[in-house]
Structures are given as structure tokens and as C-alpha cells.
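Heads up, the thing below is written out as C-alpha cells.
Computed from a prediction, not measured in an experiment: that's the story for all the values here. Sequence lines set the chain letters: A, B, ... in the order given, protein chains first and strands last, and positions in each chain run from 1.
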2 protein chains.
Amino acid sequence: MPTSPGSRHRRIRSDHATELAEDYVEAIAEIISQQGVCRGTDLAERFAVSHVTVNRTIGRLERDGYVKTEPYAPVELTTKGQRLASESSARHEIVLQFLVALGVPQASAAIDSEGIEHHCSEDTLRCMRKFIEQQDGAQNKK
Amino acid sequence: MPTSPGSRHRRIRSDHATELAEDYVEAIAEIISQQGVCRGTDLAERFAVSHVTVNRTIGRLERDGYVKTEPYAPVELTTKGQRLASESSARHEIVLQFLVALGVPQASAAIDSEGIEHHCSEDTLRCMRKFIEQQDGAQNKK
DNA sequence: ACAGAAATGTAGCCAAAGCTAATATTTCCT
DNA sequence: AGGAAATATTAGCTTTGGCTACATTTCTGT
Ligand SMILES: [Mn+2]
Ligand SMILES: [Mn+2]
Ligand SMILES: [Mn+2]
Ligand SMILES: [Mn+2]
């Protein structure tokens, strides 16, 4: 056996522990770039949860240094939050483009990539990038 | 916009809600087929959690009709549990083989597939199967 | 047979993420 | 200015899924 039996599942649990933070900072960055500011309401709609849940989640993000908030003011990203947002967004984009290149319909690719992105090792991302490039090459030749 | 903004995340949450059940029944079926019976200890080791956590999880699985237990006896799958185990196992196998066919090293593919499997739509699985077949074809030609 | 080891069960703790209801603040419109 | 609408906060609840500590039961080797 290559690795200890339980190690796979430890990784999954760790992936899930950071998943919400990644999706939130990614969403916050996107909403700010699109609308100038990001309000709790925007996030509640985006994630289809109550605004109370957003509030509590934002509280954890602030505790962990990803966002800065003041009462009744829009959410802002810290430098740490911006970095995580960029990384998450880039990774998400790779997974989405990969699925599309593989032939998955856009709607399904959009949904599936939202979950898959959090479980991709560097090995897997590298292979996905390579596949995208190859497909692009084939496209151009046509 | 193709779908409502929050629908993606609803799907992710639903995926995660069934994830543990899928992994457990899959593991139980595998352990039974390998060792004859499946005990809590086997699952605790497999998932790298305490035996108490296994106990509570098994309790939920029983409540939901996937397993049958009696005190101090090994865990058994119901028909419903066996069905879910087969489906989960087949799906997991597709994802694992797909990653390997894509060029991901075995160790990373084993880890990543454990998380990715729960987020693949039928669309994505179909494309993965097709890719595996194409790769197999290319292998045979060589 | 029985002592000790291994497995299982119980009690009680915690954090994350979801919710509703009620309250408070800010913003916007007339 | 004043009231309505939007937004944010607080209180208090739930389920899931993790843990340690301790108690009980079963298995195993001599
Ligand atoms: Mn994302
Ligand atoms: Mn995501
Ligand atoms: Mn899994
Ligand atoms: Mn996941």
C-alpha cells in the first residue's frame, strides 16, 4: 500500500474545512470587481443561504484574517484574503475550462467545477492544464 | 443567466450531505468482501477517525436505512445500502481510472478521486467514460 | 477458566453551518 | 423631516461530525 489507509480521508476533510473560505473570498472579489462593493445580501443570494448564515461565516473569515468588516459597512478583503481569492479563482477557472474541453455541457461544468475545484492536487491541475492546451491546439488546427 | 445564482452551491451542499454515507457503505462492502465481516474498528482505521465517531455515523446510517446493526456485532448492509455501495463504487472507479488515464500519478489520483467522485454529474461521468475508452483504444494500437 | 487485551458502547464536550424570529441601523424617497 | 425599504445584528435553535474519558462486553492465549 502506497500510503496509510486513512490519509485520503484526512485530505478530504481538510479540503472541506477550507472550501467555504475559498468560495467566499472568490465571490467577494468578484462582486467587488463587478459592483464596486460587496454586501452581505449579495453573498446570501450567491450562496443561497440566509443573510444570518452569511454574517456568521463572515465572522469566521474575519477571525481567520481573510476579511475586514465594520458594522453596517460592506465587506472588504485583506491582503491574505485577496491572495486566496486569486489562487482560488485561477484554480476554479482551470477546472471549469478543463471540463468544457472534455466535452461536458457548460451548465453541468459550471456546477461540477464548483465542487471539484477543492479536491484537485497540483498533479491533477497540471494534467488538466496540459489537456486544455492540447485541445486548444487541436482547435486551431481545424 | 442559465440557472439561478445559488443553485450551484445548493448542489454542493447536497453532495456533501450524502458523501459520508456513500463512502461508508462503499468501505463496508469492500471490507466485508475482503475479510468476511466489517467491524467498527476497521472503519475507524479506514477513515482515520475515532471509534466513537464511527459509532455515531453508523447510527445515522442505520436511521437512514443503509445498515443493520446489533450490539457488539459486525455491521451489515441492507439492500438499500448494498445498492448505494455498488453505485458509489462504480462511480469512484470511473473517476479514479479517468484521472490515471489523464496522466495523474496513482497516489494523487487515489486521493483526489476520493473527493471528486461526489461532485460528478452524469454528464461529467459520461465524458470520463468516453475518455477512458479512447485512451484504452490508443493503448491497444501502440 | 480466567486474566488481560481488544472491541464496543455511553456520556458529555466542541465547532461549523444551516435556520427563524425579533431588533437595530442605514438609506432612500416623498 | 419622516416613514418605508433595505440591510445588518442578535438571540436561540438544529444537525452533522469530530473529540476524550470512562464503562462494558467479547475475544484470546495460557
Ligand atoms: Mn469557486
Ligand atoms: Mn467551490
Ligand atoms: Mn469519497
Ligand atoms: Mn467536496
Side-chain angles (χ1 to χ4, degrees), chain A residues 5-25 27-28 31-32 35-76 114-115 118, chain B residues 6-28 31-32 35-76 114-115 118:
Chain A
S7 64
R8 297 202 309 257
H9 294 281
R10 284 189 194 280
R11 236 286 304 278
I12 308 299
R13 288 196 294 270
S14 143
D15 292 342
H16 286 161
T18 50
E19 168 161 353
L20 209 53
E22 292 167 356
D23 284 342
Y24 264 66
V25 295
I28 293 167
I31 290 168
I32 287 177
Q35 315 186 340
V37 298
C38 176
R39 309 220 127 245
T41 303
D42 303 318
L43 295 168
E45 187 190 4
R46 162 79 65 120
F47 291 102
V49 295
S50 75
H51 68 283
V52 181
T53 296
V54 167
N55 222 34
R56 295 166 53 75
T57 304
I58 292 294
R60 285 192 295 275
L61 292 182
E62 179 153 42
R63 179 200 62 190
D64 297 341
Y66 293 111
V67 306
K68 236 180 359 238
T69 68
E70 280 175 72
Y72 298 99
V75 188
E76 290 181 35
E114 189 65 73
H118 308 282
Chain B
S7 64
R8 296 203 308 258
H9 294 280
R10 283 189 194 281
R11 236 287 303 276
I12 307 299
R13 289 196 293 271
S14 143
D15 292 343
H16 285 162
T18 50
E19 167 161 355
L20 210 52
E22 292 167 355
D23 284 342
Y24 265 65
V25 294
E26 194 186 340
I28 292 166
I31 291 168
I32 287 178
Q35 315 187 337
V37 297
C38 174
R39 285 164 302 115
T41 303
D42 302 319
L43 295 169
E45 186 190 6
R46 162 79 65 119
F47 291 102
V49 295
S50 74
H51 76 278
V52 182
T53 296
V54 167
N55 224 30
R56 295 166 53 74
T57 304
I58 291 294
R60 284 192 295 276
L61 292 181
E62 180 154 41
R63 178 199 61 190
D64 297 341
Y66 294 110
V67 305
K68 235 181 0 236
T69 69
E70 279 174 73
Y72 298 98
V75 188
E76 291 181 35
E114 189 65 73
H118 308 280

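Of the inter-residue distances, the one linking A:Glu114 atom CD with B:Ile12 atom CD1 reads 5.5 Å to the nearest 0.5 angstrom. Here NE2 of A:His16 is found 4.5 Å from CD of B:Glu19. Values are rounded to the nearest 0.5 Å. Atoms CD1 and CD1, from B:Ile58 and B:Ile28 in turn, are 4.0 Å apart once rounded to the nearest 0.5 Å. Once rounded to the nearest 0.5 Å, the distance linking CG of A:Leu43 with NE2 of A:His51 reads 12.5 Å. Note: B:Arg46 CZ to A:Arg8 CZ = 6.0 Å, rounded to the nearest 0.5 Å. Taken from OG1 in A:Thr57 to CG in A:Asp23, the straight-line distance is 11.5 Å, to the nearest 0.5 Å.
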Between protein and nucleotides 10-23 of chain C, map the contacts as a letter string: B base, S sugar-phosphate only, - none, heavy atoms under 4.0 Å, written 5' to 3'. BB----SBBBBB--
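The distance between atom CD1 of A:Ile58 and atom P of D:dT7, rounded to the nearest whole Å, is 15 Å. Look at CD1 on A:Ile12: it is 16 Å from C1' on D:dG18, rounded to the nearest Å.
Qualifying salt bridge (Lys or Arg N to Asp or Glu O under 4.0 Å) partners for B:Arg39, counting only residues two or more places apart in sequence or in other chains: B:Asp42.
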So which protein nitrogen or oxygen atoms get under 3.5 Å of nucleotides 25-29 of chain C's nitrogens or oxygens?
from, atom 1, to, atom 2, distance (Å)
C:dT25, O4', A:Tyr72, OH, 3.2

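No donor-acceptor distance shorter than 3.5 angstrom exists from the side chain of A:Glu22 to the backbone of A:His118, with no hydrogens or angles considered.
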